[in-house]
2 protein chains.
Amino acid sequence: MIKRRKNPVEMIHTEPNLCSTDLRLHILHGVPFFASLEHTKIEEINQQIHEKGFKPGDYLYFAGDPADSLFIIAEGRVKLLRHTTAGKDVMLDLLIPGEFFGGLSTSSSSTYLETAQALTSVCALSISREGFRTILNQHPAVGIQVLDLVAARLEAAHDTIHQLSAQTAEQRIAATLLMLAAKLGEPHEVGLLIQTPLSRDELAEMTATTPETASRVISQFQRDGWIATGRKWIALIRLEELLQTAEMKV
Amino acid sequence: MIKRRKNPVEMIHTEPNLCSTDLRLHILHGVPFFASLEHTKIEEINQQIHEKGFKPGDYLYFAGDPADSLFIIAEGRVKLLRHTTAGKDVMLDLLIPGEFFGGLSTSSSSTYLETAQALTSVCALSISREGFRTILNQHPAVGIQVLDLVAARLEAAHDTIHQLSAQTAEQRIAATLLMLAAKLGEPHEVGLLIQTPLSRDELAEMTATTPETASRVISQFQRDGWIATGRKWIALIRLEELLQTAEMKV
DNA sequence: CGGTAGTTTGAACTACGTCAAGGGTCGTGG
DNA sequence: CCACGACCCTTGACGTAGTTCAAACTACCG
């Protein structure tokens, strides 16, 4: 059996007041939907933006809070989730720097429908709903970019629904690992490392199963030599086999 | 036991070439995201629109086809679905007049990711992706409307994921019936009638279960006097109890 | 080096899927 | 208008993937 190793996931250390103006501008330029704007315009937008740091496990907001801000991640990982009466959470998305979330539309609900929680130290930029609306009104190209991004997320959500409807826990877990690797994967001596802390519990929240079942499947994958894993980390080794397992339609 | 009745769902008879110019303009005015435009502008847009009729069971397009058009329903019901290798379909949405679907964004996949099938006779309006892009560029307000609608669908998809992850088949079916009634419900002597033909098979496709399980749950609801049902129709009687059943979160 | 949080594994249980047979409803054609 | 056939729905019996409960084990942190 493969010997377990120390956690290779790189820690993200974000001090409370890290986001320097330079970093903020850098992030804003990098954000897909502001990319089309001129530098001066972005500096103007920068004036409307607030920043805030969070520690791992901190909640950025809870479902039901008044949805007055749109967030953009500058650094760290954030998960979007819903709570269940039974206390079991459902993870809907895992976001990385450059991605946005929170109060997007004016017309829809005035409270957040999901909870946002930091998985690592996080630096988040935020802008008021109204401020964001103003930008959308002044820059149609930004609106189209945002539309495309939201449409892509809708497709991803439909993928998930499809998986939950038609696939086994093993298939969903394999598919989720591949998806995570595509988004967060970093080459590493132990394999293609999923660069975020991720417990069996959280993997279960993503795949609509229990921590026990996630553990059993992960253990089997490890026994097969398809992955390397440890406490809160997973690295993929045999992508081909995982794909084969997940496949029967993503 | 409640005696079963003849199908009270009103047939939609759409002749191949039904969409008169008047009806088209009427629909276009009614469509939420064109509502903000002036009449002359809508007539201009009307020039770019093609119409097509479909019979029940017809496919408007298949997943994998080149996604060159955006559709708007003028009349009828359309279901969006994905196919499974096992031949079991997964229904992702059920659309009514005024709703749009198809090739929405330019940046995302150039082929349709879902299949669209007519549940009834359907009259659909279509516009090319490029044509729609042009409208978006010229009318920022339209883009924002569309963004809000897509964001609302994303929320709905997240609701579904939540349900599939955390609820029993009975709860999901109760929730789905209530959702359908909110969208398609019409007061009727037999109860709040879900105004579309819907088989146990299709209900199963919507709730990630099998026709047999859907039938068992529906039969139980009927025995309890919560609904009235028959071949391809369902009417709700005791909303309160259904809500109670579904509840434990959406 | 001890404690906490995360992980693994086993054994019993259950909601649901599968397979199969029978019955009701509707449309069509005589 | 009736009768036949196709399609849809129902119900039962059985199998199983996955949950639940519980206990032991291990990585990591202070």
Side-chain angles (χ1 to χ4, degrees), chain A residues 1-11 13 55-57 84 86-88 90 119 163-174 190 196-205 207-223 227-234 245 248, chain B residues 1-9 11 13 55-57 84 86-88 90 119 163-174 190 197-205 207-223 227-234 245 248:
Chain A
M1 193 198 292
I2 295 177
K3 183 85 180 64
R4 237 169 272 120
R5 301 163 184 83
K6 298 216 146 201
N7 190 337
V9 173
E10 162 190 320
M11 283 290 98
H13 291 294
K55 296 193 302 295
T84 296
K88 183 187 151 196
V90 178
L119 283 175
Q163 277 182 30
L164 295 177
S165 300
Q167 311 203 176
T168 64
E170 184 184 33
Q171 291 178 307
R172 298 197 302 271
I173 288 173
V190 298
T196 191
L198 196 75
S199 66
R200 299 294 181 265
D201 253 281
E202 284 162 335
L203 186 59
E205 288 173 8
T207 53
T209 184
T210 57
E212 291 93 336
T213 295
S215 176
R216 281 182 243 269
V217 172
I218 288 295
S219 295
Q220 185 57 50
F221 286 168
Q222 176 159 242
R223 258 175 254 129
I227 64 174
T229 182
R231 187 192 170 102
K232 286 203 163 203
W233 66 270
I234 300 175
T245 300
M248 320 200 160
Chain B
M1 195 196 292
I2 294 177
K3 182 86 180 65
R4 236 169 274 119
R5 300 164 185 81
K6 298 217 144 200
N7 190 339
V9 173
M11 284 290 100
H13 291 293
K55 296 193 302 295
T84 296
K88 183 187 153 196
V90 177
L119 284 174
Q163 277 181 30
L164 295 177
S165 300
Q167 311 204 175
T168 64
E170 185 185 32
Q171 290 178 309
R172 296 197 303 270
I173 289 173
V190 297
L198 196 75
S199 67
R200 299 293 182 267
D201 254 281
E202 285 162 334
L203 187 59
E205 289 172 9
T207 53
T209 184
T210 57
E212 291 92 334
T213 295
S215 177
R216 279 182 244 268
V217 172
I218 288 295
S219 295
Q220 185 56 51
F221 285 169
Q222 176 159 242
R223 258 175 253 128
I227 65 173
T229 182
R231 185 195 172 100
K232 287 204 163 202
W233 66 270
I234 301 174
T245 300
M248 319 203 162

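First the proteins, then the strands, lettered A, B, ... as listed; each starts at 1.
In this structure, A/D201 places its CG atom 10 Å from C1' of C/dT7, rounding to the nearest Å. At whole-Å resolution of the value, CD1 in B/I234 and P in D/dC9 are 9 Å apart. Going from atom CG of A/L198 over to atom P of C/dT7 covers 9 Å, rounded to whole Å. One can place CH2 of B/W233 at 14 Å from C1' of D/dC8, the figure rounded to the nearest angstrom. Rounded to an integer number of Å, the gap from A/K88 NZ to D/dC21 P is 13 Å. For the pair A/K232 NZ and C/dA5 P, the interatomic distance rounds to 11 Å; values are reported in whole Å. In this structure, the CD atom of A/E212 is 15 Å from the C1' atom of C/dT14, given to the nearest Å. Protein atom CG of A/L119 is 12 Å distant from nucleotide atom P of C/dG6, rounded to whole Å.
Residues satisfying the side-chain hydrogen bond (donor to acceptor under 3.5 Å, both in side chains) criterion with A/S165, sequence neighbours excluded, are absent altogether. When the side-chain hydrogen bond (donor to acceptor under 3.5 Å, both in side chains) test is applied to A/T196, no partner is found at least two apart in sequence or on another chain. Partners of A/E202 according to the salt bridge (Lys or Arg N to Asp or Glu O under 4.0 Å) rule, which considers only residues two or more places apart in sequence or in another chain, are A/K79. Take A/E170 and apply the side-chain contact (heavy atoms from CB on, under 4.5 Å) test, not counting sequence neighbours, and it matches A/T168, A/V217, A/F221, A/T245.
When side chains are defined from C-beta on, B/E205 does not count as touching B/V90, because their heavy atoms never get closer than 4.5 Å. No side-chain heavy atom of B/T213 sits under 4.5 Å from any side-chain heavy atom of B/T207.
For A/T209 and A/R200, the side-chain atoms include no donor-acceptor pair closer than 3.5 Å.
Across all strands shown, A/S215 has heavy atoms under 4.0 Å from base atoms, whether or not it also approaches the sugar-phosphate.
Taking both residues in full, the closest heavy atoms of A/A204 and A/P211 are given as CB-N, 3.5 Å, listed atom of the first, atom of the second, then distance.
An angle of 40°, rounded to 10°, separates the two end axes of the helix from C/dC1-D/dG30 to C/dG30-D/dC1, each defined over five pairs.
Picking from C/dT8, D/dT11, D/dT10 the nucleotide with the shortest atom distance to the side chain of B/R200 gives D/dT10.
Taking 4.0 angstrom as the limit, B/S199 places none of its side-chain polar atoms (N or O) nearer than this to OP1 or OP2 of D/dC7. Taking side-chain N and O atoms only, B/R231 has no distance below 4.0 Å to OP1 or OP2 of D/dA6.
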Can you name the atoms? Protein N/O to nucleotides 13-18 of chain D N/O, anything below 3.5 Å, with the distance.
residue : atom : partner : partner atom : Å
D/dG18  : OP1  : A/A169  : N            : 2.9

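At least one donor-acceptor pair under 3.5 Å links the side chain of A/R172 to the backbone N or O of A/A208.
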